[in-house]
Protein chains: 2
Amino acid sequence: MSQGNTAVTEQLRTLEDAQAMIESGQCPIPPREILDKIAGKWAIQIIVATSRGPIRFTELERLIQGVSRRMLTLTLRNLERDGLLTRTVHPTVPPKVEYEATPMALELYEAMLTLTNWSLRHSSCVAVARAEYDARTPG
Amino acid sequence: MSQGNTAVTEQLRTLEDAQAMIESGQCPIPPREILDKIAGKWAIQIIVATSRGPIRFTELERLIQGVSRRMLTLTLRNLERDGLLTRTVHPTVPPKVEYEATPMALELYEAMLTLTNWSLRHSSCVAVARAEYDARTPG
DNA sequence: CAGGATCCAAAGAGATACTG
DNA sequence: CAGTATCTCTTTGGATCCTG
């Protein structure tokens with residue numbers, strides 16, 4: 001974050017450049033897969049919730065409204081597998097497990113802000129476009 | 001892009017701010033929905049393909065490898081409905097329909113680059129994390 | 001040419017009961 | 001407490017056939 005990453009943001013200027021890189025096999029994991037990670041219904045909320053320090057499973061379950069045990073577990077596992085989350089088991093009784101976002105995840109969080117700001121800037125436009133489309137499509 | 005948008009990029013600095021906005025009902029369309037738009041298997045490729053000027057249905061079909069007619073049509077309709085694409089019908093025989101990205105979509109395209117760059121910077125890290133996870137999980 | 005309609009398979013996600 | 005296992009429903013996407 002903060003300073004020293006100007007060079008890094010200069011890596012690519014167009015998505016075509018990115019696609020060329022992908023096709024040339026220089027990218028171990030294609031951006032499409034990255035998008036899949038955060039596209040799930042719960043991943044972003046988990047990254048937000050774990051970005052301020054260690055948090056326990058049950059706390060997450062309460063914090064992220066509407067999530068089922070199954071999906072919380074699955075999403076946590078996926079994020080952990082990709083190195084976006086650390087999982088620390090304290091061998092106590094009862095068990096205590098804590099999750100925390102890694103620096104890599106915090107950077108992703110920042111990148112997400114770009115998209116979020118886009119959506120905030122244009123959500124009214126999108127809403128209008130939809131209304132117009134829906135108005136002229138049935139007829 | 002380029003100049004004059006400093007104020008606009010200052011709108012939000014954290015996802016918590018964004019979530020607060022969403023909950024306060026000030027955002028017609030929540031960022032989650034925005035993500036859903038571009039999370040589909042084909043939306044991004046379509047935005048890329050339509051970002052350089054009008055392009056016809058069949059050209060898209062050839063350009064975007066592996067897409068089925070059905071999915072191409074569905075994705076195009078969704079993008080059009082949200083105002084990210086224009087659809088122009090030329091009443092000729094045989095019919096000719098052209099699609100083109102709107103300015104709003106071009107900005108989204110820019111925002112996507114942030115994510116793409118993140119993925120390029122970290123894809124090796126993710127690959128390593130995965131290998132390690134897979135190595136220690138079975139055992 | 002540019003789709004619409006229909007059918008089918010796979011993945012995503014919710015509910016619930018059980019366990020170390 | 002922090003999961004796993006199972007069952008089911010929904011969504012997403014592919015294949016195919018039909019039409020203005």
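Chain identifiers are assigned alphabetically (A, B, ...) following the order of the sequence lines, protein sequences preceding nucleic acid strands; residue numbering begins at 1 within each chain.
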Please state how far atom [atom1] in [X] lies from atom [atom2] in [N], giving the value in whole angstrom units.
| X | N | atom1 | atom2 | result |
| --- | --- | --- | --- | --- |
| B:Leu74 | D:dA15 | CG | P | 15 Å |
| B:Leu72 | D:dG13 | CG | C1' | 13 Å |
| B:Leu76 | C:dC1 | CG | P | 16 Å |
| B:Glu80 | C:dG3 | CD | P | 9 Å |
| A:Glu61 | C:dG14 | CD | C1' | 13 Å |
| A:Leu60 | D:dA2 | CG | P | 9 Å |
| A:Met71 | D:dT10 | CE | C1' | 13 Å |
| B:Asp36 | D:dT12 | CG | P | 8 Å |

Query raised in the report: Heavy-atom distance under 4.5 Å between the side chains of A:Arg87 and A:Leu76, does that happen here?
Result: no
Requested in this report: Flag the pair A:Lys41 / A:Thr75 as yes when at least one side-chain heavy-atom distance between them is below 4.5 Å, and no otherwise.
Outcome: no
Among [options], which nucleotide has an atom closest to any side-chain atom of [X]?
| X | options | answer |
| --- | --- | --- |
| A:Arg69 | D:dA2, D:dG14, C:dG3 | D:dA2 |
| A:Thr58 | D:dA2, C:dG3, C:dA13 | D:dA2 |
| B:Tyr99 | D:dG14, C:dA13, C:dG3 | C:dG3 |
| A:Trp42 | C:dG4, D:dG3, C:dG14 | C:dG14 |
| B:Arg77 | C:dG4, D:dA2, C:dG14 | C:dG4 |
| B:Arg87 | C:dG14, C:dG3, D:dA15 | C:dG3 |
| A:Val97 | C:dG14, C:dT6, D:dG3 | D:dG3 |
| B:Pro95 | C:dC1, C:dA13, D:dG13 | C:dC1 |

Query raised in the report: Between A:Gly83 and A:Thr102, which heavy-atom pair has the shortest distance, and what is it?
Result: O-OG1, 2.9 Å
**Report entry** Pairwise 5' ranking along DNA chain D for A:Thr73 and A:Pro94, keeping only the more 5' one
**Finding:** A:Pro94
Query raised in the report: Between A:Glu80 and B:Arg136, is there a side-chain N and carboxylate O pair less than 4.0 Å apart?
Result: yes
Query raised in the report: Would you call B:Glu107 and A:Arg121 a salt bridge, using N to O less than 4.0 angstrom?
Result: yes
Query - Side-chain N,O (A:Arg56) to OP1/OP2 (D:dA2) below 4.0 Å - result: yes
Requested in this report: Verify the contact: side-chain N or O of B:Lys41 to OP1 or OP2 of C:dA11, cut-off strictly under 4.0 Å; return yes or no.
Outcome: no
